[in-house]
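A note on names: the letters A, B, ... follow the listed sequences, proteins ahead of strands, and every chain is numbered from 1. Only this structure's heavy atoms are used, side chains among them; waters, hydrogens and symmetry mates stay out.
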Amino acid sequence: MTGGSSPAVAVHGQQSSSSRSSSNISNISSSTSSSRSIVWFRRDLRVEDNPALAAGVRSGDVVAVFIWAPEEEGPFYPGRVSRWWLSQSLHHLDSSLRSLGTPLITKRSFDTASTLIDIVHSTGASNLFFNHLYDPLSLVRDHRLKESLSAQGVTVRSFNADLLYEPWEVNDENQCPFTTFAPFWNKCLSMPYDPAAPLLPPKRISSGDVSKCPSDTLVFEDELEKASNALLARAWSPGWRNADKALMAFVNGPLIEYSVNRKKADSATTSLLSPHLHFGEVSVRKVFHLVRMKQLVWSNEGNKAGEESVNLFLKSIGLREYSRYLSFNHPCSHERPLLTHLRFFPWVVDENYFKSWRQGRTGYPLVDAGMRELWATGWLHDRIRVVVSSFFVKVLQLPWRWGMKYFWDTLLDADLESDALGWQYISGTLPDGRDFDRIDNPQFEGYKFDPNGEYVRRWLPELARLPTEWIHHPWNAPESVLQAAGIELGSNYPLPIVEISAAKTRLQEALAEMWQLEAASRAVMENGTEEGLGDSSDVPPIDFPQETDMEIDRERELPRINNTAVRRHADQMVPSMTTISSLIRVEEEVSVGAGNVAEDSRPEVPSNINFEADTHREVAQALPQFNPDILRNALHSTAESASTWTERDGGLVPVWSPPPTSSRSEHYPDDDDPGIGNSGYLQRHSQSHQMLNWRQLSPSMRRSWEMESTVQPNAIG
DNA sequence: CCCAAGTTCTG
DNA sequence: AGAACTTGG
């Protein structure tokens, strides 16, 4: 790869006109008129407004490819429902592509890069086109891929298909990335140029020669999962045409009422577009332009509510944009609090709490109803997501990454960037997140979002006969009322596992402890003692910032790559975090209790609901293995009951192991067993996906990390 | 016109 | 929880 064409070009202070051309295809017309291109589909499963596909069609013959290499996702192996969606969507895409002239070639792989190279060779292609992704893994993988394929003489181009604006296009007046949402979104809405107009689907695709490049049959579900998945098809229709229908239905229907309806937990007044958007079945730019046109119309009609509805809906699109923006600028945001002092928060490490939450047996009806709905359907209204996750973090004080992982495994629209943003927001680990010491009371939220208790009754049949007056706080109901409703608290419906008032006290204590640890760590930092402090030395010391300072990611300290070069086409920009942060993960939390999950993860799904009880297998596969012994060893409080374990998360050693073949694994994840399912990936990427404890690092490594993570750029904020 | 109480919103 | 905003006396 020659110096001049580095694909990773930092563009800062560099402008709109060139950025703009990057997101449409006008700059590609100079490509030779009949070369053969691989169009690599990922989470852009559509033929409409797909810049990579359009580029391929323009430059000649097209080989359309999808590669299934889930092991590369490490702990974020897609959950069952998410895999179901993907399989449906791929079928849909394949038939669309076929009708245009070429099939979708599907490949099973354990190494995307080498599979792509094989495909290039077997098809004689000279170009590779794909659309950008912004999760940490893809940023690094795609960057490397670009380098290695370019070195082999393949022309690699990548495009923006997922965002209104690329992350590097949206900066504040000092050309620095925003650190809060509101100004970010205002800027997006007032950019000097509009998001690119959507491209039409190609009329016809000239197929490359795929005779030497047969498809693999991809398996996304096993027999047991099939039964559960069959029910999903009743409620959802994956695929880009269906996505388009859903969009139209929403825009011409519920959108206008969005601002008034959004409060109700129950109503189907949301767009239901998120899974479609996650897989790129519909283009956000199309959504944006369409919705904006509606707004113009309503605005002219003086329909204030309609106008406001569009603003609110667009804001949720904006949050999705922001999640990518955040992930791009802070590639660790899916696993580390962005507000550094929160790393010292003493999370409650209690698997029983976690289990009660998963099963919808916390004793708070709104929370429990939400968790049962999530399990049964893979779906939750955004409001309820906030309720259950806020309960998780603030009342149970479990580490948010556990909750995020569970969402990842169970949500139909599981999306790493969006979910990381959501959990960080709820956890108060963002500069503009909720106040950390704010505890929402599920009882009051219940009457707010579900005033008549219908939602609760639907998902908690055991409470169905309880009058509305008590539906959100059965623990206060008179015995006679409970009896009449057939409820025996503590037996067929639990008492609250944690009282709100107790949670408040505990939260205050935990916060005090957090500040103490933080201060101690700072002191250690200052006098250079390394080992004095036990656990708190596990967390990178920080130069204590103002409340709103974000974590300083490594890329800010490292020299920018090639600041001066002009970015060509739409080269994928890669934050320069690849070296250190992917080598080392300072882990705050242990992995979720998969052994536990595997054994007994199934909440009792209400029997009047038409969803079959699920099997635990997919959860077991999706979750990283966590051996409780490791946890116990790491904690000193063995004598106490599980529910009183609290320990700074940094003191625990998180280790991910390959998915088990059996549902139960006694196997210590950090020994050298290469394991089964994940072995390919873990072996090849041992540095980037081995989870290391801070203590395990060599002192010199540690020092360099500490130095880097404490440098304060003044540019932020 | 003011004040208090109530309501809504917060990414 | 707290600010900002609305409502009604």
Side-chain angles (χ1 to χ4, degrees), chain A residues 134 163-164 167 170 172 177-189 257-265 270-271 274 277 284 304-305 307-330 333-334 337-339 342 380-395 397 400 403-404 407 413 415-451 500-501 503-508 510-511 547-551 717:
Chain A
Y134 308 88
L163 295 175
L164 301 176
V170 186
D172 67 16
F178 292 98
T179 56
T180 51
F181 172 71
F184 163 81
W185 187 231
N186 284 336
K187 176 73 188 221
C188 288
L189 292 174
E257 306 262 82
Y258 193 78
S259 64
V260 286
N261 277 339
R262 86 210 127 94
K263 284 174 196 158
K264 303 286 163 272
T270 56
S271 72
S274 56
L277 280 166
V284 266
K304 204 81 173 52
E307 207 182 333
E308 186 55 17
S309 288
V310 171
N311 284 336
L312 283 165
F313 175 68
L314 281 179
K315 188 174 136 188
S316 66
I317 296 290
L319 286 164
R320 179 182 175 282
E321 297 272 311
Y322 189 60
S323 73
R324 270 79 179 145
Y325 187 79
L326 213 69
S327 176
F328 179 81
N329 287 308
H330 304 271
S333 61
H334 63 299
L338 290 180
L339 239 37
L342 259 306
L380 269 189
H381 190 292
D382 184 56
R383 294 278 153 164
I384 305 302
R385 296 184 196 207
V386 170
V387 170
V388 300
S389 56
S390 153
F391 182 85
F392 184 93
V393 172
K394 301 296 177 63
V395 178
Q397 291 162 38
W400 60 269
M404 192 179 104
F407 269 25
D413 60 1
D415 181 284
L416 193 55
E417 296 95 307
S418 291
D419 292 346
L421 174 63
W423 281 90
Q424 293 234 22
Y425 163 67
I426 291 302
S427 306
T429 60
L430 290 172
D432 50 353
R434 297 198 159 190
D435 297 334
F436 195 88
D437 52 2
R438 167 176 160 184
I439 291 189
D440 292 304
N441 190 325
Q443 178 184 336
F444 301 142
E445 289 182 311
Y447 287 107
K448 207 156 138 198
F449 302 136
D450 182 31
I500 297 298
S501 57
K504 281 184 180 159
T505 318
R506 192 173 66 182
L507 189 62
Q508 291 309 320
L511 282 170
E547 297 253 315
T548 51
D549 272 2
M550 270 208 176
E551 173 198 355

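With 3.5 Å as the limit, one finds a donor-acceptor pair spanning the side chains of A/Thr429 and A/Gln424. Using modelled atom types and a 3.5 Å distance limit, the side chains of A/Asp413 and A/Ser274 yield a donor-acceptor pair.
Heavy atoms of A/Gly422 sit under 4.0 angstrom from at least one base atom. A/Asn441 comes within 4.0 angstrom of no nucleic acid atom, judged by non-hydrogen atoms across all strands. Among the heavy atoms of the strands lying under 4.0 Å from A/Phe181 are primed sugar atoms or P, OP1, OP2 only; no base atom is included.
Spacing between atom CG of A/Asp435 and atom P of B/dG11 amounts to 11 Å, rounded to whole angstrom units. Between the CH2 atom of A/Trp185 and the P atom of B/dG11 there is a distance of 14 Å, given to the nearest Å. As rounded to whole Å, 17 Å separates atom C1' of B/dG11 from atom CD of A/Glu417. Nucleotide B/dG6 holds its C1' atom 14 Å from the NZ atom of A/Lys448, rounded to whole Å. The nearest whole Å value for the distance from the CD1 atom in A/Ile317 to the P atom in B/dG11 is 17 Å. For the pair A/Asp437 CG and C/dA1 P, the computed distance is 8 Å after rounding to whole Å. B/dG11 atom C1' lies 11 Å from atom CZ of A/Arg438, rounded to whole Å. In this structure, A/Leu338 atom CG and B/dG11 atom C1' are separated by 13 Å, rounded to whole Å.
The aromatic rings of A/Phe184 and A/Phe181 sit tilted, their planes meeting at an angle between 30° and 60°.
A salt bridge links A/Arg324 with A/Asp415: the closest approach of a Lys/Arg side-chain nitrogen to an acidic carboxylate oxygen falls below 4.0 angstrom.
A close approach under 4.0 Å does not occur between any side-chain nitrogen or oxygen of A/Lys315 and OP1 or OP2 of B/dC9.
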